[in-house]
Asker: 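Provided herewith is a single structure, encoded as structure tokens, for subsequent inquiry.
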Amino acid sequence: MSNIAAIFLKQIKDTLKNKTVLIQFLMFPLITLVMQNTIKLDNMPENFFVNLFSVMYIGMAPLTSTAAIISEEKETGTLRSLMMSNVSPIQYLVATGGYVFLLCIGGCAILCAAGGYTGSCAAVFMALCAFGTLVSVFLGAAIGVFSTGQMMATSITVPVMLVLSFLPMLSMFNSTIEKIARFFYSQQISTLINKIGDFSLNLESMVIMAANIIITLILFLTAYKKRGLV
Amino acid sequence: MSDYTVLLSQIKHTFGEREVLKGIDISIKPGEIFGLLGPSGAGKTTIIRIITGQIKPSDGLSQLFGTDSSQLDGKLLQKTGMMLDNLGLYERLSCTDNLKLFAAILGADKSMIDIALEKVGLSAAKKQPVSKLSKGMKSRLALARAMLNKPSILFLDEPTSGLDPSTAAEIHRLILEERDRGATIFLTTHNMAEASSLCDNIALLNEGTIIEYGSPAQICRKYDHERKINVTLNDGSELEFSNNSSSADKIYDLLKNDSIKSIHSSEPNLETVFTSLTGRRLEQ
């Protein structure tokens with residue numbers, strides 16, 4: 001437990017000095033706050049920017065941050081130092097994944113407040129964001145573990161992140177894209193957040209979301225088995 | 001309980017199809033400075049990873065503190081200190097924050113952080129981010145991190161690689177201090193002079209096999225077949241004689257005529273031993 005706490009604390013200190021990671025956590029919540037409060041158009045759906053950017057946020061921030069942190073530690077040799085100093089792979093992954101997860105949940109809380117969600121709506125919004133963040137953390141960890149360095153991690157992360165983040169928005173304009181996008185957890189979360197007022201979890205959503213988390217877990221375990229942490 | 005801090009017996013290891021270690025035997029007693037010498041890619045770091053249980057060898061026995069390396073628990077690992085070839089420091093964090101992390105992981109007292117920084121001469125730079133330090137300072141910080149928990153064994157992987165002579169000498173002083181404290185030192189290097197001056201025993205590793213094992217002096221003596229005496233005359237010319245009685249009269253004549261400027265014997269060093277055994281230089 002103390003190893004997890006020590007690595008968690010290190011991540012906080014490191015992120016505060018790492019502008020590229022820090023900006024990923026803060027950018028979407030801050031942009032959403034500004035846009036939600038300044039842009040008002042006729043016929044614009046309620047909480048348009050909050051709902052749109054929340055899905056982009058959970059498809060981008062946890063994925064890119066987790067992959068970036070793990071791949072950087074692999075490249076610089078700090079991960080090997082930890083592994084050779086009585087830190088187990090599971091402790092490292094729990095500390096790093098847990099840190100990214102909690103930080104993103106903080107960002108989601110800002111988005112929730114920006115949307116003015118309260119009571120059961122707030123609970124559903126946060127639960128959906130937590131699920132999406134968890135899947136993205138697993139996917140980011142899989143990419144970070146699989147990559148030999150930061151460059152490789154970035155080249156894998158960018159297309160994955162773009163697909164997950166932008167499909168829900170593009171599916172608003174094209175029914176063919178919508179048919180494909182519904183198989184991704186980000187699209188399901190987007191659909192559910194947009195119906196948050198009369199929320200009900202249908203079987204299709206549950207099956208797709210469960211399948212998504214199982215697939216990302218399998219991807220992570222395969223990457224871990226193939227490459228290990230160091 | 002084993003008499004040895006480290007014991008490797010017939011260790012073999014393969015990466016894919018490539019056999020990187022082909023039956024390695026090493027035994028290191030407590031308080032010994034052991035040097036593992038070999039060119040890059042010879043398998044030195046792999047051996048450290050096997051000893052510390054990071055990877056399981058394909059075959060053979062590996063023990064640390066008398067315990068099978070695959071069974072090492074947290075308490076035993078906390079008795080080890082590690083300085084890796086790429087240092088593995090967090091560049092954005094300060095020297096103190098780097099050591100704080102590892103003090104927590106290794107179970108070292110927080111008071112040891114300032115002591116370790118003082119020992120390696122980095123007290124003045126303790127709040128500086130690692131990215132602002134010179135290469136020599138980074139090496140000293142990595143050594144401070146390895147010494148934090150007063151380990152029973154220190155693994156030092158190329159500790160002076162790429163350092164200037166004065167910083168290397170400082171690292172050597174710290175290594176000897178650790179040995180005097182009672183720590184066992186496992187050193188990998190391709191610097192022959194470093195190994196000769198520091199190590200009680202060395203192993204020459206080439207292509208996954210130990211080709212020589214023993215004290216540096218022993219190994220040099222073993223290959224001292226072509227002993228020579230080099231003489232430099234007052235006129236600047238150089239002469240080479242066999243180091244045996246047949247040369248005595250000739251050297252005596254030169255001495256009698258007062259024509260010798262300098263005279264010295266020439267014994268093989270580790271570099272020449274390695275080159276003669278493998279046909280390649282260690283730095284290759």
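Numbers restart at 1 for each chain; the letters A, B, ... are given by sequence-line order, proteins then strands. Quantities reported herein were computed from a predicted structural model and do not represent experimental measurements.
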Asker: Can you say whether Phe155(B) sits under 4.5 Å from chain A via the side chain, the backbone, both, or neither, judging by heavy atoms?
Answerer: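 Contact with chain A is absent: no heavy atom of Phe155(B) under 4.5 Å.
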
Asker: If you count heavy atoms of other groups shown closer than 6.0 angstrom to CD1 of Ile90(A), is the number above 12?
Answerer: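 No, the 6.0 Å shell around CD1 holds no more than 12 heavy atoms from other groups.
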
Asker: List the residues meeting side chain to side chain contact (heavy atoms under 4.5 Å, CB included) with Thr66(A), not counting sequence neighbours, and say none if there are none.
Answerer: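 Ile70(A), Val100(A), Val137(A), Ala141(A).
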
Asker: So, using side chain to side chain contact (heavy atoms under 4.5 Å, CB included) as the criterion, who are the partners of Val163(A) when residues are at least two apart?
Answerer: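 Applying side chain to side chain contact (heavy atoms under 4.5 Å, CB included) to Val163(A) gives Leu167(A), Phe184(A).
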
Asker: For Phe28(A), which residues count as a ring-ring contact (aromatic ring centres under 6.0 Å, His included) partner, sequence neighbours excluded?
Answerer: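 Applying ring-ring contact (aromatic ring centres under 6.0 Å, His included) to Phe28(A) gives Phe53(A).
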
Asker: Could you tell me which portion of Leu106(B) (side chain, backbone, both or neither) has an atom closer than 4.5 angstrom to a non-hydrogen atom of chain A?
Answerer: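 For Leu106(B), the contact with chain A is made by the side chain alone.
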
Asker: Taking atom CG of Leu30(A) as the centre, report whether more than 12 heavy atoms of other residues, nucleotides or ligands fall under 6.0 Å from it.
Answerer: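 Yes, CG of Leu30(A) has more than 12 neighbouring heavy atoms, counting only those of other groups under 6.0 Å.
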
Asker: Could you work out all donor-acceptor pairs shorter than 3.5 Å where one atom is in chain A and the other in chain B?
Answerer:
residue	atom	partner	partner atom	Å
Lys13(A)	NZ	Asp97(B)	OD1	3.2
Asp14(A)	OD1	Arg92(B)	NE	3.0
Asp14(A)	OD2	Arg92(B)	NH2	3.1
Glu72(A)	OE1	Arg92(B)	NH2	2.9
Glu72(A)	OE2	Arg92(B)	NH1	3.1
Glu72(A)	OE2	Arg92(B)	NH2	3.2
Glu73(A)	OE1	Tyr90(B)	OH	2.5
Ser81(A)	OG	Gly88(B)	O	3.3
Ser81(A)	OG	Arg145(B)	NH2	3.4
Met83(A)	O	Gln54(B)	NE2	3.1

Asker: With a 4.5 angstrom heavy-atom cut-off, which part of Leu76(B) approaches chain A: side chain, backbone, both or neither?
Answerer: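 Leu76(B) has no heavy atom closer than 4.5 Å to chain A.
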
Asker: What distance separates Ile48(B) CD1 from Met84(A) CE, expressed to the nearest 0.5 Å?
Answerer: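 Output value for this atom pair is 6.5 Å.
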
Asker: Answer with side chain, backbone, both or neither: which region of Leu82(A) has an atom nearer than 4.5 Å to a non-hydrogen atom of chain B?
Answerer: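 Both the backbone and the side chain of Leu82(A) come within 4.5 Å of chain B.
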
